[in-house]
Amino acid sequence: MTVGMGAVCTTLIAGVEAIRKGLAKPIGSLTQMGTIRLGKRTDANSPLMRDFLPLAKLDDLVFTGWDIFGGNLYDAAKTAQVLDNETLEKIRPYLESIEPMPAAFDQHYVKRLTGTRIKSGKNKRDLAEQLRKDIQAFKKKTDRQVVIWTGSTEIFLEPTAVHQTLAAFEKGMENDDPGIAPSQLYAWAALTEGIPFINGAPNLTVDIPAMNELSRKMNAPICGRDFKTGQTMIKSVLAPAFKARMLGVSGWYSTNILGNRDGEVLDDPESFKTKEESKLGLLEMILQPDLYPDLYKNIFHKVRINYYPPRGDNKEGWDNIDIFGWLGYPMQLKVDFLCRDSILAAPLALDLCLFMDLAARTPSLRGLGIQEWLSFYFKAPDSAPGVYPEHDLFIQSMKMKNTLRHIMGEDLITHLGLDYYGG
Ligand SMILES: NC(=O)c1ccc[n+]([C@@H]2O[C@H](COP(=O)([O-])OP(=O)(O)OC[C@H]3O[C@@H](n4cnc5c(N)ncnc54)[C@H](O)[C@@H]3O)[C@@H](O)[C@H]2O)c1
């Protein structure tokens, strides 16, 4: 169940259908193409993850969702302009068969959009209960469900008293508390129905104590926020490399141009602030300036996003990185990533749906609330109170693979490897 059926969502659903029909390959998806090593390197045993794990099969996936605009997914995919007409025509009847349900929406939280198919209710609780009914109806047609927010970026919100406990949150919904955004209503509805909730956007949604409490109570997993797709993914590779070699960083300037609807929404300063916070957090976490003041204490980090319609979904992200080496001598690195936003995001959304469904079926994981092992996919990973989140892509990857081994009762891999040398 996807909340928001725009560029990422239609690229996900159209992509899954195209793959099911043998028209394309699931490039970028770990669950579909990744392998996992089991045992020692000399065992030569690296099955595909999808053979090793009891993941849902692509053929068994059924999609539905909500949007503030009407029209079927073929029309939505045409509007998004991510996939070419040739691909879309081949799966047109399937896409035409899916229409979004009316949304819980309030323009206060996404200023640049004016919705046309929106639920009305006497208060936020009422809207959330209507979402629960939608979920209950889908439960009758399917065996298991996952809800994923592929909706627009909402305005920047900071946690307040209403987010601290489940009781306060539920009262807040009745009182129409302004701290409760539509995305939180979907999350509450999903978790209350015992269903995992994934947040692909940077909004404050499940990373609040009230949702953590609800998630644990209902055995309905939650995870981080904001898909780590393009510029931030590269950042979470480069920054650990500098740190691993003890190279200093004095400045990191990142700018983007993009022209899709997401870019239009992010053109609003309040939505941009949400994205900015999500994109800024990781450098400090990775570089640990407190531990390495000589290398990272004075880093100047800036992130800009500019709405530039001619590029559509084909984003360009530039990074200028000022680094310094031996005796403080300065150097520079420039990255120009001509990427495709939704092409990068869709496989992540797929993996997250399949892994969160697996987490919900795994006794040792489902009661934990936050699934920190899925940090790999997020710009802003969630973690237990007092535990700093892990941002380094390779630590995240190792952590995820070890969690998968743990789920299946296999030995964890520490990479110590002394035994190969008789140690
Ligand atoms: N690489 C990426 O594409 C990427 C990476 C990280 C995060 N994201 C985030 O994913 C989200 C989706 O991106 P997109 O490019 O698909 O955007 P999009 O604008 O094409 O689609 C978002 C959809 O959400 C709908 N929507 C907004 N509020 C809603 C609500 N309350 N209920 C139901 N529907 C609602 C909009 O009508 C729109 O159709 C954005 O928040 C974006 O920041 C995308």
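Order of appearance sets the numbers: ligands from 1, and atoms from 1 within every ligand. All values derive from a computational prediction rather than experimental measurement. For this chain, numbers begin at 1 and follow the sequence in order.
A centroid separation of 6.0 Å or more is found between the aromatic rings of Phe337 and Trp318. Aromatic pair Phe197/Trp188: ring centres not closer than 6.0 Å.
For ligand 1, the polar-atom distance check against Ala104 finds a nitrogen or oxygen pair separated by under 3.5 Å. Between Cys9 and ligand 1, a contact under 3.5 Å exists for no N or O pair. Considering both main-chain and side-chain atoms, Asp313 never comes within under 3.5 Å of ligand 1 through any nitrogen or oxygen pair. Note: an N/O pair closer than 3.5 Å links Thr229 and ligand 1 by distance alone.
Near Ala7, meaning under 4.0 Å from one of its heavy atoms, ligand 1 places the atoms 15 (O), 16 (O), 18 (P), 20 (O), 21 (O). Remark: ligand 1 atoms within the under-4.0 Å shell around heavy atoms of Ala345 are 1 (N), 2 (C), 3 (O). Those atoms of ligand 1 that come under 4.0 Å of a heavy atom in Asp226, given as number and element, are 6 (C), 7 (C). Annotation for ligand 1: atoms under 4.0 Å from non-hydrogen atoms of Ala201 are 41 (O). Listed by atom number, the atoms of ligand 1 under 4.0 Å from Phe69 heavy atoms are 37 (O). Numbered from 1 in the order shown, with element, the atoms of ligand 1 that lie under 4.0 Å from a heavy atom of Arg261 read 19 (O), 38 (C), 39 (O). Atoms of ligand 1 lying under 4.0 Å from at least one heavy atom of Ala103, given by number and element, are 32 (N), 33 (C).
Comment: Lys315 engages Asp341 in a salt bridge, judged by a side-chain N to carboxylate O separation of less than 4.0 angstrom. Using a 4.0 Å cut-off between charged nitrogen and carboxylate oxygen, Glu193 and Arg132 count as a salt-bridge pair. Contact check on Lys124 versus Asp176 returns no salt bridge, with no Lys/Arg side-chain nitrogen under 4.0 Å from an Asp/Glu carboxylate oxygen. Residues Lys217 and Glu213 are not paired through a salt bridge, judged by the lack of any N-O separation under 4.0 Å between the basic side chain and the carboxylate.
The nearest protein atom to atom 8 (N) of ligand 1, hydrogens excluded, is given as Gly200 O, 3.6 Å; this is a heavy-atom distance. In this structure, atom 32 (N) of ligand 1 lies nearest to the protein heavy atom Tyr186 OH, 2.9 Å. Here the heavy atom of the protein found nearest to atom 38 (C) of ligand 1 is Asp67 OD2, 3.5 Å. With respect to atom 40 (C) of ligand 1, the closest heavy atom belonging to the protein is Gly151 O, 3.2 Å. The nearest heavy-atom contact from the protein to atom 21 (O) of ligand 1 is Gly6 CA, 3.3 Å. Looking only at protein heavy atoms, the nearest one to atom 17 (O) of ligand 1 is Asp262 CB, 3.8 Å. Looking at atom 27 (C) of ligand 1, its nearest protein heavy atom turns out to be Ser152 OG, 3.1 Å.
Side chains of Asp351 and Thr31: a donor on one and an acceptor on the other come within 3.5 Å. No hydrogens or angles considered: a donor-acceptor pair under 3.5 Å links the side chains of Ser183 and Glu154. Side-chain contact annotation: Glu284 with Tyr388, donor-acceptor N/O pair under 3.5 Å absent. Between the side chains of Asp319 and Gln231, at least one donor N or O lies within less than 3.5 Å of an accepting N or O.
With a 4.0 Å cut-off on non-hydrogen atoms, Pro100 does not touch ligand 1 at all. With a heavy-atom cut-off of 4.0 Å, Thr150 touches ligand 1 through its backbone alone. Residue Trp149 touches ligand 1 through its side chain alone, judged by heavy-atom distances below 4.0 Å. Residue-level proximity to ligand 1 for Glu154 is absent, since no heavy atom of it falls below 4.0 angstrom.
Residue contacts with ligand 1: Glu264 is excluded, as none of its non-hydrogen atoms falls under 4.0 Å. Note on ligand 1: Tyr109 sits outside its first shell, no heavy atom being nearer than 4.0 Å. The shell of residues lying under 4.0 angstrom from ligand 1, judged by heavy atoms, includes Ile68.
Between Trp66 and Tyr186, the angle of the ring planes goes over 60°, which puts this pair in the perpendicular group of the 30/60° scheme.
Of all the listed residues (Val82, Val8, Leu113), Val8 holds the heavy atom that lies closest to atom 16 (O) of ligand 1.
Judged by a 6.0 Å distance limit and a 45° cone about the ring axis, Arg20 is positioned over the six-membered ring of Tyr94.
Counting heavy atoms from C-beta on, the side chains of Ser271 and Arg112 never come closer than 4.5 Å.
Around CD of Glu158, the count of heavy atoms belonging to other residues, nucleotides or ligands within 6.0 Å does not exceed 12.
For the atom pair CD1 (Ile407) and CZ (Arg361), the distance works out to 9.5 Å, reported to the nearest 0.5 Å.
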